[in-house]
Visitor: 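Structure in structure tokens, see below.
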Amino acid sequence: MKSIKYDKEEFQDLVNSVTPLQAVEWLLMNGYPIQVRNLGKSTVDILCPSPDHNDTNFGNCKISTNRYDGRAGSRCHCYCCNMSYDSYDILKQFLSYRQSIEALIEISGKVDYYQSSKKIKKKKDPVAKETKELLVLRHIRASIW
């Protein structure tokens, strides 16, 4: 498996393009066991993503859904360990570095940019290939009849 190479600026731009709230929602939609409370309210409670803080209480780590930089859910802070976290910190609880980067790319909607710059290889979609084959077969059948 080839590694994904980024300079610090590219990495930070990618991380900043995804809010912590978007990362939490992506994890939930993809079936990861992130524990969340108050989703859809003014503050979303999660357990602290820091491996150094064994958080077991909701209410210590909050994602504010207010628009601090023009985007809802852009601020995540643990009031117990007094640390702020970004989308990458939340994703890396459940994913490897490569999977976290791929998730950030997917969430940010910059898949085409990263594929065109050859940062990641486009995965072949077997369903799409089968669908194309079926359409070709239907076209051939239609032209025969």
Side-chain angles (χ1 to χ4, degrees), residues 1-139 142:
M1 183 181 299
K2 286 190 171 184
S3 64
I4 301 176
K5 295 179 182 175
Y6 293 97
D7 60 31
K8 288 181 183 179
E9 189 175 307
E10 273 184 313
F11 176 77
Q12 201 55 51
D13 286 345
L14 181 60
V15 171
N16 290 338
S17 69
V18 177
T19 66
L21 184 59
Q22 289 173 314
V24 167
E25 290 171 342
W26 185 90
L27 288 168
L28 287 170
M29 287 189 306
N30 287 282
Y32 289 93
I34 186 167
Q35 296 180 6
V36 180
R37 272 224 223 114
N38 299 330
L39 194 59
K41 301 215 173 161
S42 63
T43 57
V44 176
D45 294 336
I46 62 171
L47 297 179
C48 182
S50 172
D52 299 329
H53 177 198
N54 188 14
D55 193 5
T56 57
N57 299 317
F58 282 105
N60 293 334
C61 192
K62 296 186 177 288
I63 299 174
S64 176
T65 58
N66 294 330
R67 297 178 179 271
Y68 289 101
D69 63 356
R71 302 175 304 160
S74 59
R75 190 176 282 182
C76 178
H77 188 81
C78 179
Y79 293 94
C80 190
C81 63
N82 200 28
M83 295 290 292
S84 292
Y85 299 98
D86 58 29
S87 53
Y88 174 70
D89 295 322
I90 292 170
L91 290 171
K92 73 179 182 182
Q93 294 177 86
F94 303 98
L95 306 172
S96 69
Y97 171 77
R98 181 180 184 87
Q99 292 170 325
S100 296
I101 295 297
E102 289 174 349
L104 288 169
I105 291 169
E106 179 185 328
I107 298 165
S108 70
K110 297 180 179 181
V111 176
D112 293 335
Y113 167 76
Y114 285 98
Q115 286 174 348
S116 66
S117 65
K118 304 211 187 291
K119 295 284 183 192
I120 60 170
K121 287 186 175 181
K122 187 174 182 178
K123 293 180 181 176
K124 292 182 180 177
D125 187 357
V127 176
K129 183 179 178 183
E130 288 176 12
T131 304
K132 287 178 187 175
E133 289 172 358
L134 286 173
L135 289 173
V136 169
L137 287 173
R138 284 184 186 163
H139 179 71

Visitor: How close do C76 and I46 get, heavy atom to heavy atom, and via which atoms?
Guide: SG-CD1, 4.1 Å
Visitor: I want to check something: taking the side chain as every heavy atom from C-beta on, are N82 and H77 in contact at a cut-off of under 4.5 Å?
Guide: yes
Visitor: Could you walk me through whether L91 and V18 pass side-chain contact (heavy atoms from CB on, under 4.5 Å), step by step?
Guide: CA-CA 11 Å; L91 290 171; V18 177; 5.7 Å; no
Visitor: Rounded to the nearest 0.5 Å, how far apart are OG1 of T43 and CG of L21?
Guide: 11.0 Å
Visitor: Could you pull out all donor-acceptor pairs under 3.5 Å where a side-chain atom in residues 23-40 meets a protein atom, sequence neighbours excluded?
Guide:
| residue | atom | partner | partner atom | Å |
| --- | --- | --- | --- | --- |
| W26 | NE1 | E106 | OE2 | 3.1 |
| N30 | ND2 | W26 | O | 2.8 |
| N38 | ND2 | D45 | OD2 | 3.1 |

Visitor: Would you give the length of the straight line joining atom CD of Q93 to atom OH of Y88, rounded to the nearest 0.5 angstrom?
Guide: 11.5 Å
Visitor: Please report the interatomic distance CG(D89) to OG(S84), rounded to the nearest 0.5 Å.
Guide: 9.5 Å
Visitor: Going through the checks in order, is the side-chain contact (heavy atoms from CB on, under 4.5 Å) test met by I101 and F11?
Guide: CA-CA 9 Å; I101 295 297; F11 176 77; 3.4 Å; yes
Visitor: Using side chain to side chain contact (heavy atoms under 4.5 Å, CB included) as the criterion, list what pairs up with C80, not counting sequence neighbours.
Guide: H53, N60, C78
Visitor: For D52, enumerate each residue passing the side chain to side chain contact (heavy atoms under 4.5 Å, CB included) test, keeping only those at least two apart in sequence or located in another chain.
Guide: S50
Visitor: Using side chain to side chain contact (heavy atoms under 4.5 Å, CB included) as the criterion, point out the one residue from S100, S108, S87 that pairs with V15.
Guide: S87
Visitor: Looking at CD1 of I105 and OG of S17, how far apart are the two atoms once the value is rounded to the nearest 0.5 Å?
Guide: 9.0 Å
